[in-house]
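Here is the structure we will look at, set down as structure tokens.
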Protein chains: 2
Amino acid sequence: MRPTVHDIAAAAGVSLATVDRVLNQRPGVRHVTREKVEAAIREIGYVRDVAAANLAKGRTYSFVFIVPASDNSFMHGLNAEVMAAVARSPVERTDIRTVEVPAFDPAALAAALDTLRAERPAGVALVATDAPEVRDAVDRMVQDGIPVVTVVSDLTGSLRHHYAGVDNIAAGRTAARLLGRFLGGAKGDVAVLAGSMLVRDHRERLEGFSAVMADEFPDLSILPVIEGRDDPDMAHMLVSDALSKRDGIIGVYSLGAGNRGLIRALKETSVARVLTVVAHELTDHTRAALLDGTIDAILNQDAGHEVRSAIRVLKAKADGLSVIDAQERIRLDIFLKDNLP
Amino acid sequence: MRPTVHDIAAAAGVSLATVDRVLNQRPGVRHVTREKVEAAIREIGYVRDVAAANLAKGRTYSFVFIVPASDNSFMHGLNAEVMAAVARSPVERTDIRTVEVPAFDPAALAAALDTLRAERPAGVALVATDAPEVRDAVDRMVQDGIPVVTVVSDLTGSLRHHYAGVDNIAAGRTAARLLGRFLGGAKGDVAVLAGSMLVRDHRERLEGFSAVMADEFPDLSILPVIEGRDDPDMAHMLVSDALSKRDGIIGVYSLGAGNRGLIRALKETSVARVLTVVAHELTDHTRAALLDGTIDAILNQDAGHEVRSAIRVLKAKADGLSVIDAQERIRLDIFLKDNLP
DNA sequence: CTGTTAGCGCATTCAT
DNA sequence: ATGAATGCGCTAACAG
């Protein structure tokens with residue numbers, strides 16, 4: 001049998017309560033007594049039974065997800081995953097709820113964080129908007145002892161405990177190599193469609209993409225970035241325009257959302273024209289486009305994994321446990337038409 | 001508060017013991033009483049607290065991993081992951097151990113299964129060798145009420161409860177498309193290196209690969225499969241031989257293990273010769289080869305994920321719980337030099 | 001400062 | 001066929 005608190009109490013010649021006090025680093029124990037107990041813990045090789053501890057505590061951890069109120073397929077998917085987690089939450093001694101904030105609105109996000117802080121939840125997960133005021137609000141939360149993890153979009157320079165999302169520079173680099181290799185040494189222009197250069201993920205993807213393109217595919221030149229604000233209609237208009245004006249375009253990299261519009265624009269171009277296209281995020285639209293050949297590869301982040309990972313990390317943080325790092329790494333999924341889930 | 005056994009006992013007007021009996025479908029309850037209790041359970045919306053149940057039971061589940069004694073990096077990695085799980089196991093009320101059996105030896109595997117069955121473990125995970133005797137042994141185990149999951153390589157047609165591994169047909173198809181697109185319309189031969197056509201995963205990868213090659217890349221012709229038994233030395237010899245004899249080879253698909261030998265052979269070929277190479281399994285060797293350009297893409301299955309998934313499924317089976325399907329899907333990782341973990 | 005005691009939600013004897 | 005009582009490993013009042 002594994003050693004229990006009783007064993008260590010016996011070994012140290014103290015009572016259960018005292019053992020519990022040192023185990024949970026609570027005050028009210030003389031230094032010598034504490035040492036004695038700690039020695040016993042070490043010698044016996046005790047490891048706390050977390051399940052039993054949680055049962056005794058009766059406490060259920062309340063976590064909050066702050067998500068942007070964006071109307072695109074990816075965010076809808078993310079929301080659905082959070083809801084699925086909410087549905088499972090009673091079973092896992094957690095109480096999860098979501099708070100919606102306007103998208104790309106640092107002030108609103110910071111305000112929401114500050115309001116939340118007063119309620120002292122056991123942990124907070126947020127899709128970060130990269131701005132100083134948000135970073136400060138997050139830092140205040142962390143300094144108040146509340147675990148914070150960022151999801152999808154990170155907030156570097158902040159004190160957040162963890163980031164559950166993909167490496168966006170690597171994503172951009174990967175997109176460049178796929179596009180470059182698929183184009184097999186052809187010479188021409190590459191159009192890049194982004195949501196907004198104000199968002200950190202998009203900037204990073206572009207940065208990675210440009211770097212590899214410059215280093216390894218000098219025959220391909222990147223046109224000025226088209227900013228479609230993740231809006232299907234705007235993306236459609238801008239891409240159509242670009243395609244009609246520049247017939248040197250042989251490749252397209254869509255690094256943001258709003259792919260519905262891009263796909264429409266692509267389908268409207270001359271059938272004689274062959275474009276190689278790499279896009280981000282697997283949705284119903286991009287999936288269909290991949291299958292019918294309009295898109296050649298899709299880079300994706302698994303929202304379900306991100307949400308589950310965020311919760312695991314928050315829970316581990318809340319009861320002082322460690323996580324399995326490899327399990328919490330969010331990978332960049334690459335989908336061709338053959339390996340769709 | 002969540003309803004407990006006490007609540008349902010009160011609601012049904014019976015004792016805790018009776019509630020427990022119907023909850024765990026044990027005999028000794030009159031039909032009417034059972035109905036009454038079941039009604040109460042439903043109305044109250046009771047869900048069992050698994051942690052508390054396990055605490056009360058005190059039982060620790062003993063799981064066994066049967067792994068082939070293969071001397072290649074992938075199997076070493078798999079073993080390491082199982083060992084990591086063993087290290088974590090005391091914390092999770094599980095007792096995991098491994099049993100090694102000779103690779104590609106159906107009789108030995110079947111024998112090991114039958115021996116194990118007598119010990120009645122709480123669950124078994126195995127890397128299956130696809131043979132009737134193995135399938136029968138697995139079926140006997142399942143019929144004895146022992147949960148069984150296959151890892152890495154499946155055993156279709158058997159009664160195993162779950163398969164923790166990638167879709168190998170999809171993997172082969174993906175390899176074909178990557179190779180075909182990377183070769184960009186060139187004409188030539190493609191060499192295929194496999195471990196053994198006796199294992200189902202290798203057969204399936206070849207099947208998927210051949211299908212896409214035939215359908216979509218008619219200018220590439222697949223040479224007869226080289227079987228290297230996942231052995232580096234044998235692979236080295238056979239691949240060197242093939243490369244020297246056929247100078248029409250412009251692409252290589254390595255669908256098994258033993259890539260150490262393949263890589264050596266590739267590096268020994270003339271520097272003037274450009275080969276496009278897709279291989280399976282990320283190991284130290286293949287990672288280095290990807291980075292130095294010897295290999296162009298690596299398809300991978302995350303052994304850590306597979307092991308953790310197998311354990312989760314086994315545990316869920318053992319205490320009659322359900323799993324999150326999406327979480328247990330083992331994806332096909334595609335690594336280019338830019339998105340290595 | 002330290003110890004006693006009573007649960008947390010459930011499973012399991014042992015009576016009845 | 002049913003119920004009362006005890007304990008799993010740990011925490012948290014409440015006493016001393």
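Naming: A, B, ... by sequence-line order, numbering from 1 per chain.
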Discussion item. Looking at D:dC8, I'd like to know if its phosphate oxygens (OP1 or OP2) sit under 4.0 Å from a side-chain N or O belonging to A:R2.
Written reply: no
Practice prompt. Look at atom CD of A:E119 and say whether more than 12 heavy atoms of other residues, nucleotides or ligands are closer to it than 6.0 Å.
Written response: yes
Item to complete: Quick one: which residue pairs count as a side-chain hydrogen bond (donor to acceptor under 3.5 Å, both in side chains) with a foot in residues 43-52 of chain B, not counting sequence neighbours?
Response: A:R93-B:D49, B:N24-B:R48
Item to complete: State which residues pass side-chain hydrogen bond (donor to acceptor under 3.5 Å, both in side chains) with A:T156; sequence neighbours excluded, sorted by chain then number.
Response: A:R200
Worksheet item: Which nucleotide of DNA chain C is the first, and which the last, in the 5' to 3' direction, to come under 4.0 Å of a heavy atom belonging to chain B?
Response: C:dG9 to C:dT12
Item to complete: Scan for salt bridge (charged side-chain N to carboxylate O under 4.0 Å, His left out) pairs involving residues 26-38 of chain A, sequence neighbours excluded, and state none if there are none.
Response: A:D20-A:R26
Worksheet item: Does any pair with a residue in residues 135-144 of chain B pass salt bridge (charged side-chain N to carboxylate O under 4.0 Å, His left out), and if so which ones, sequence neighbours excluded?
Response: B:D114-B:R140, B:R117-B:D144, B:R120-B:D144
Item to complete: For A:R26, answer base if it contacts any base atom (sugar-phosphate contacts may also be present), sugar-phosphate if it contacts only those atoms, and nothing otherwise; contact means non-hydrogen atoms under 4.0 Å.
Response: sugar-phosphate
Worksheet item: Under the salt bridge (charged side-chain N to carboxylate O under 4.0 Å, His left out) rule, what pairs show up with a residue in residues 148-164 of chain A, not counting sequence neighbours?
Response: A:D154-A:R160
Discussion item. Please report the interatomic distance CD(A:E92) to NZ(A:K315), rounded to the nearest 0.5 Å.
Written reply: 4.5 Å
Practice prompt. Output every pair passing side-chain hydrogen bond (donor to acceptor under 3.5 Å, both in side chains) with a member in residues 73-90 of chain B, not counting sequence neighbours, ordered by first then second residue.
Written response: B:D71-B:H76
Item to complete: To the nearest 0.5 angstrom, please state how far the CD atom of B:E281 sits from the CG atom of B:D333.
Response: 10.0 Å
Worksheet item: Can you list every side-chain hydrogen bond (donor to acceptor under 3.5 Å, both in side chains) pair that touches residues 303-314 of chain A, not counting sequence neighbours?
Response: A:H305-B:R331, A:S309-A:E328, A:R312-A:E328, A:R312-B:Q327
Discussion item. Between C1' on D:dC10 and CZ on B:R93, what's the gap in Å once rounded to a whole number?
Written reply: 11 Å
Worksheet, complete the sentence: So CG of A:D302 and CZ of B:R329: to nearest 0.5 Å the spacing works out to 8.0 Å
Worksheet entry | Position toward the 5' end of DNA chain D (nearest nucleotide), B:V29 or B:L16 | B:V29
Discussion item. Can you list, in residue-number order, the parts of residues 42-62 of chain B that come under 4.0 Å of DNA chain D, counting heavy atoms only?
Written reply: B:L55, B:A56
Worksheet item: For residues 17-24 of chain B, which residues have at least one heavy atom under 4.0 Å from DNA chain D?
Response: B:A17, B:T18, B:R21
Worksheet item: If every non-hydrogen atom of A:P106 is compared with every non-hydrogen atom of A:E133, which pair is closest and at what distance?
Response: CB-OE2, 3.7 Å
Worksheet item: the helix from C:dC1-D:dG16 to C:dT16-D:dA1: angle between its terminal axes, five pairs each, to 10°?
Response: 40°
Can you give each donor-acceptor pair under 3.5 Å made by side-chain atoms of residues 56-64 of chain A, sequence neighbours left out, with the distance rounded to 0.1 Å?
from	atom 1	to	atom 2	distance (Å)
A:Y61	OH	A:D319	OD2	3.2

